Each structure stands twice: as structure tokens, then as C-alpha cells.
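Single-structure report; data block below.
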Amino acid sequence: MTKGGRLSALIFYSFLAASVAPLLSLLVLTVTAAWPYPRLSPSVLSWRYIATVFAPNRQTAEALGNSVLIAVLTTLLTLLIAVPAAKALGLYRFRGRATVKLLALMPLMVPSITVTMGMHFSMIRLGLTGSILGVVIIHTVFTLPYAIRVLTNVFELLGERHEVQAKMLGASQLMVLRNVTIPLIMPGLLSAATMSFIVSFTQYITTFLIGGGRILTIPLLFVPHLQSGEIQVAAVYSWLFIMTTLGALAITQGAVKKFYKSTYLLQP
Amino acid sequence: MANIKLVDVCKKFGAKETLSNIALEIHDGEMLALLGPSGSGKTTLLKIVAGLEQPTSGRVFFNEVDYTDAPAQKRKAIIVFQDYGLFPHMTVGQNVAFGLRARGEERQQILTKVKNILQLVQLSGRESSLPAELSGGEKQRVALARACVVEPGVLLLDEPFSNLDTSLRLGMREFVAALQKKLKFTCVLVTHDKEEAFMMSERVAVILDNRLEQVAPPEIIYRKPATKKVADFMGDANYVPGKVISGKFVCELGVMPVNEPDTDAALGMFQGDQISLGRAGTGFSGTVTARKFAGKLTYYTVAMGPHLSFKVTSVTSDFLVGETVSVAVAPSGVNVYPLAEESP
Amino acid sequence: MRYYREVLGETSFFISLLYTVYVALVATVVSNLLGIVGAFAMLGLKRESKWPKFFYQLPLVVPHLVVVILVFHLFSQTGLFSRLAWRLRLVAEANDFPLLVFDPGAVGVILVYLYKQIPFVSMIVFGTLGSISKSFAEVAYNLGASRAMLISQVFLPLLRPTILSVFLMTFTFSFGAFEVPFLLGSPAWNMLPVKAYVYYTNVDLTYRAQAMVVNVMITVISIGLVVAYSHAAHLRQRMGNGGDI
């Protein structure tokens, strides 16, 4: 057993290193001014590229603002649609339920480029291209399937009994929703929300096509640097990406923990 | 066949003690019940015997050989788990054959053994069913067959009947008892059900709060609980404080012969079914304050005075609440324990 | 229909299709194999603490675009591995280092998928493994099984539906993702999504019809995979319920 344990640890920690080490080397890249071949470490370090990225004329603030706004709106829209849809799919038996479940999965499986090109025409007709709303809608198309899937599973596991119990005890619809349903589905809700946020935050081609170049987000700022080989600037954006994502994760986790502590004292 | 000896077995999970100094010998070919409430550490003890858990300290002997550090595969102890643990992706036949294949037996021999054991547990013809297609009782029998087919020295049954309906349970108990007689394996039955332990085993080991309190044949456990804890667990206990003076227990109900050393602070225990009620008149009297009719038996609460009331189990249901009754205790029905600070 | 005949008639379409399948298949097979190994390694850890597992999952939240940079930074001809090779005297100059990004073999693209998908596969497989492992491991060891027998006869068969659905999920993603081959792929070899994009953004708007044809083809293949996926998910559910554990 101990031999197996040591082998497991060896494999796991080398995988772990492969996951983390490249990100750290990327961190070094953000403060690198010169790194000529074939040196293994940078020859000149400086804050220059970080300063460049956050310089007022670089539109970083605008892009970050847009990215976060779009991601938050997308998350809200996703949950607004996914919760009732998942409840219907998870709790009620109706004809065509299996088909609807399958259809809800589609955008997860059909490539985003295909879906986006398909929706581009309708968006143009509706005048939604080039607007924040249009981008939010196209992002929601890709976040919904995941959210619906997770929440459907949650509703299937929970069943209806808690809500029925609450109603029998005389709770109003609103009270059932606030005090029973939402706390019970909170873990699923959290998972769906963070996933939606991340997916929206990292969209490139959808924002590019639907935003028509007018909506600037971090990925849109970032890809040209990647293509032109300005790898240091791209590295700075990468870390901005990762930090924002982790920040969003931490905030939601923290909020939920606080919510459970203040409202129910115990984890459900 | 095997006899098992546990010497000072302790098990801690972190700081929490699950088993404390268990010393127990299980004889060759006997049926022993490990009786205790859930959470008392019975299942952990079973896993230690099977080698699925390591004791924190203490030794485990099989036929006088120290097996404490031997891996589970080397032991001749097979557990039948509470949830049966049938592999859901294997058929009945494959499940039963698993242990034989693990032992590298020949294919032809495996087939014969599987066929024979399935016949014995009355599941012939179900070889190719999946566990999901079986009833609870059938799953149980597959699990038993899977364990018995490798001819274990010891069969360890972990709450084997708790997932069955009451009606099935009685049948399965008899079935297991018959199987044990036929295949003559040593058998340890873990249960929280007193009746089950008494009915099925030759000896009962009572585990309470992670300690082994008493090991004895069922009737001794029931009639002569070694400690107050065991008496409490058996239920039906009434306590009266008193003294032991030269081999006699003296209390307000009278004087009874006991086999205990003298003490000023003793507690006499009378079981509810060792107390008989009668029409008021002779002996002590009390007032019935509660009565619960439960068919074969009736449960009374009888107030004997301002501080003393008895719980009495009786076959007669004649007495009513408020009635004054005579109360008689069988002189042989008293057990005496030291009077602890906290008691009554 | 004319456009269909035109697009499907081109050999370049089929070459592109085969190329896409090649990239997706290699990425999926390798990431699934290593991911499963990773899951078993996680299972074998004694009292694994929270933080290593958290860091192992980090690639899940790292966007593909960032992974593109990582791969470029590490595997390009002037990347870290090339420098390491120089240090070890394996190459004399940067150009001697094999072309691993923008290459026809799509190694760079595949590496991006591996980075993202190995932890993903590990986490999903570990999830299932965690729920079946302890009780079934005890049963199997108790009946005398070796570790090898436990893994091959009990764990892997029970994991089959999970692995199947993870395999399909990762394959569909690698098959249809646009950004990664767009940024790291060989300029001469287009994967299908890139091909659609190239048609779509052509100044000659008649190419949009061709783009749609490619899209329809991708969609048809993807739908096939979705149906297969839901079948796998169904299978998983049935086994899960039938387990009674």
C-alpha cells in the first residue's frame, strides 16, 4: 500500500507541477523586459509591460469594465432562465421532456463558431449587433446549457418534498422561494453562476462577431498581442484574466458561506 | 474453521476513540453476536478482524497465529456487508465467482462451486441476473453465497438483516443458522437487535460506548447483566437503592439473597418481567399510573411511593389506571450493582 | 444545393475534416488516458489535503486563450523548452528545435487541449471513483482481490459510462473549438471551424454560403455526438441506480 501511495503521490504531484509551473513562468514573463535566446531566465526585469497595459490610453479599464459587466449580466440572465427551466425539467414529467433536455445541451456541444455565425443574421436583423445586449444574449446561449444541466440534476435529487412541506406549513410562494428553494439549490446555483461568469468572461470569437468590433472586452484586447507575438503584454492580460476569474470565484464562495452562516448557522 | 483472539485491541480515528481495549476470543465453529447500539464500534471491530482497518494498538490472532499486520487478502475472514456490496456490473454468477477468481482457481472448478453454492442458497437459474434485478432477500443470499463459496474460516455478518422486511427477516435468520450448521464456519454477527442476537447466537458480546461490557450466553446476558450499563441497554430495568449485608440485599421491598460482597451503597435491579402484580391485599402495594396494551404483553407503570415507580411487563392486561395493586418481586430476580453518584 | 455540391466536392473539405478528426482524437485519447491515471493517483493519495487538489484544478479556470500563450511561451522555437534543449546541447540554435506550434502536426493545438482537459477528466473520473471506491474496494479486498484485480475488474467497468461521456465531451470540444487552432494552428492546414471562419470573413460575400455548408456539416457531426453523449449519460444513470450501494 505504501509503495502504491508513493507512486500515486509521484504521479499526482508531477501532474500538479505541470498544471501550475507554466502559470508561474507566465508570471515571470509579465515583469520581463528582455529575455534573449538561449537564456533560461530573463536578462532585464521591469514593470514596463504592466505599466503599459494599465496606461490610460490602453483602454484596459474600459475593456475590463465591459468584460465584467457582460459577464455579470450574462450570469444573471442565465440564472433567470435556467432556474425555472431546470425546475420544469427536473420535477415535472411531460411529453418531449427527453428531447427538450437534449436540445438544451446542444449549444454546449455544437461549436460556438457555428452557432454564432448562425445567430449573426438574426442579430443583424434585430439590430442587436454592436450592442452590449447582443453580446450578453450570445454569451447566454453558451452558458445556459451548463446551468440547466447542473440545476436539473439538483432539482431531480431534491424532488418537490421540501417545497410541498413548506406550503403545508403555510408558507407563501415568496417565502417558499426565499427560505426553502433558493437555500436548497444554492450549491448548484453557485456552480452554475461561476461557470457562466467564466465562460462569458473568456469569450473571444462570439464577442468579436456579434460585438462587431464596437464592444471591447479583455479577450479582444488580448488576441492581437498574441498574434503579433507581444508575449509579455499577453502575459499581463493572462494574469488579469486569471486573477479576475479567481476573484469572482472567491467572492461567490465567500458570499455563499456568509449567507449560510447568517441565515441558517449550519450548512444544509 | 478458525478461532480468533483479540488482545487489547484499540482503535482511534484522530483523537476519537472508537474501540477501547477489546479482549475477546471467538471459538472455532461458534456463532457469536456482537451486540450494541449503532455507533458503538461494532463494525469497526469487524473490519479489524477482516483486515480492512488496522487497530491503533493490540493484536489479532487467527488460530494462535498473529495476523495483525497481514493484509485483508491473506485472512480467512469474509464480511457480508450491511448493504451487501454486490458489484452492480456483474451478474449473480460473476459476483459469486469473484473470490474464487481472486484465488486463482481453475475455471471448471469455479463453475462447479458457483453452481453448488447457488443451489444451496436456492438461487439456481439466477446466475445471469444482475443485482438490480433481485429482491432484497435474493441480494442477501447472493452476498452470503459469495462469501461462503470461498470457504472462509470466519464469516462476519454486518447487520445482515436490517435491510429486510420483518417478514423476510425471520426466514433469513433461520436460513443463515441452517447454513452455518451445514457449512460449520465460525460466524460473528453484528447487530443492534437484542432479540436477533439472543435467537441466533450461542454467546453474545455486548459492546457499549466503545468497550466490551460482557460476553456470555444470551440468557445470562439478559438475566444477569454484568454491569448497570448492560442492564440499561437490555431495558426493562427498575432500580431500588439498598445495602448488602452478609450476602443479603436489603431494601424497602424486603431482603433477598445475593452473591455479592457487603456494601452500604448498592443498587438493586429488578427486571420488569420479574415483578408480578396482583389484586391489592398482600405484600407491597402500588398504584397503576399508566398502562400500555401491546397485545401479548401489557406495560404498566406502578407508583410505589413518592420517589419510586416501577415499570412492569405483564402477560395480564387486567389492571387499570388508578387501581391499587399488590407488587411482588421474585427473590432470585435481583441483580446488585454499586451505587454510582449520579443514579436515582 | 449547389453550394453543398461545391463544398463537399472539394477534396480540401475532406482533408480538413480528417485533419480535424485527427487533432480532436489525439487530444482526446491522450487527455483521457492521462486524466484517468491522474484520477487514480488522486485516489491513492493518503489524506490528500485541499490545496494540492485546488491547484491541480487550476487549468479548469484558465481560459484557452491564456493556455495558448503558455504553449507558445514553452514550446515555440525560442521557447523555454528550446532553451533547455540548447543548454543540454541537443540543439545548436533555435531553428534546430522542432516546430511544435503553427506546425502541420498540430502539436501546439493538442498541447493546449491536454493542459485544459487532463485535470477536467481527472476531476470527473475522481468524482465517480470517490463515490464507488471505498465500499467496493473493501468488498473486493475482503474477497481476496489484488489491487490490479480491483482496478481492472471492478473500478474500470464501473467507470465505463463516466469515461465514455467524458470522452465524448472532450472530443466534441476539441472538434469544434475555434480560437485555439485559429491562433496556434498551421497556416496551411485548417481545422473545420477555422475553415468556416475563413469562408465567412472573406470579402466576397458569396463565400458565406460555403461557410454555412461547413457549419451544417459540423453541426450534423456534433448532433451525432450529442445523441451518443446522452446515451452514455443514460447508461451511467442506470448503472448508478442499479448499484444499490
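Residue numbers start from 1 in every chain, and the chains themselves are labelled A, B, ... in the order their sequence lines are given, proteins ahead of strands. Here the structure is a predicted model, which means the values were calculated and not measured.
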Check your understanding: Is the closest side-chain heavy-atom distance between A:F208 and C:E179 below 4.5 Å?
Key -> no
Review point. Of the backbone (N, CA, C, O) and the side chain (C-beta and beyond), which part of C:V194 lies under 4.5 Å from a heavy atom of chain A, both, or neither?
Key: neither
Point to revise | Under 4.5 Å from any heavy atom of chain C - which part of A:I205 | key: both
Practice item. Examine whether an atom of A:F15 lies under 4.5 Å from a heavy atom of chain C, and if so say whether it belongs to the side chain, the backbone or both; otherwise answer neither. Key: both
Practice item. Report the option among A:V199, A:I231, A:I11, A:V115 that has the most heavy-atom pairs separated by less than 4.5 Å from atoms of chain C. Key: A:I231
Exercise for review: Check C:P193 against A:I113 and note the closest heavy-atom contact, atom names and distance.
Suggested key: CB-CG2, 3.7 Å
Check your understanding: Measuring heavy-atom distances to chain A, does C:Y200 have an atom under 4.5 Å in its side chain, in its backbone, in both, or in neither?
Key -> side chain
Check your understanding: What residue in C:Q57, C:R208, C:H73, C:R87 has the most heavy-atom pairs under 4.5 Å with chain A?
Key -> C:H73
Review point. Judged by modelled atom types alone, do C:H64 and A:Y204 share a side-chain donor-acceptor pair under 3.5 Å?
Key: no
Check your understanding: Roughly how far apart are C:F178 CZ and A:M117 CE, rounded to 0.5 Å?
Key -> 7.0 Å
Review point. Where on C:Y56 is there a heavy atom nearer than 4.5 Å to chain A: the side chain, the backbone, both, or neither?
Key: both
Check your understanding: Pick from C:T219, C:V67, C:V216: which one has the most heavy-atom pairs with chain A under 4.5 Å?
Key -> C:T219
Revision key, fill the gap. Cut-off 4.5 Å, heavy atoms of chain A, and the answer for C:F55 is both
Point to revise | Side-chain heavy-atom pair A:S8, C:F40 within 4.5 angstrom cut-off | key: no
Exercise for review: Measure from the side-chain N and O atoms of C:R83 to the backbone N and O of A:S41, and report whether any donor-acceptor pair falls under 3.5 Å.
Suggested key: no
Exercise for review: Tell me, yes or no, whether the heavy-atom count around A:R97 atom CZ, taken from other residues, nucleotides or ligands under 6.0 Å, exceeds 12.
Suggested key: yes
Review point. How long is the gap from CE on C:M42 to CG on A:L16, to the nearest 0.5 Å?
Key: 10.0 Å
**Study point:** Shortest non-hydrogen separation from C:I69 to A:S238 and the atoms involved
**Key:** CD1-OG, 3.2 Å
Review point. If you round to the nearest 0.5 Å, how far is CG of C:L58 from CD1 of A:I242?
Key: 7.0 Å
Review point. Checking C:F175 against chain A: side chain, backbone, both or neither under 4.5 Å from a heavy atom?
Key: neither
Check your understanding: Looking at C:P119, C:G38, C:A177, C:S82, which one has more heavy-atom pairs under 4.5 Å with chain A than the rest?
Key -> C:S82
Practice item. Determine which residues belonging to residues 17-26 of chain A lie within contact range of chain C, meaning some heavy atom pair is under 4.5 Å apart, and list them by number or answer 'none'. Key: A:A18, A:S19, A:V20, A:P22, A:L23, A:S25, A:L26
Check your understanding: Got a second to check how far C:F72's CZ is from A:L226's CG, nearest 0.5 Å?
Key -> 8.0 Å
Review point. Which answer fits C:L84, side chain, backbone, both or neither, if we ask what part of it has an atom under 4.5 Å from a heavy atom of chain A?
Key: both
Check your understanding: Between A:W35 and C:L80, is any pair of side-chain heavy atoms under 4.5 Å apart?
Key -> yes
Point to revise | Side chain / backbone / both / neither for C:I118 at chain A, heavy atoms under 4.5 Å | key: side chain
**Study point:** From OH (C:Y197) to OG1 (A:T116), nearest 0.5 Å
**Key:** 11.0 Å
Check your understanding: Side chain, backbone, both or neither: which part of A:L40 has an atom under 4.5 Å from a heavy atom of chain C?
Key -> both
**Study point:** CD on A:Q203 to CG on C:L65, rounded to 0.5 Å
**Key:** 9.5 Å
Review point. Which pair of non-hydrogen atoms, one from C:L45 and one from A:A9, has the smallest distance, and what is that distance?
Key: CD2-CA, 3.5 Å
Study note, to complete from the structure: Whatever's closer than 4.5 Å to a heavy atom in chain A on C:P59 counts as side chain
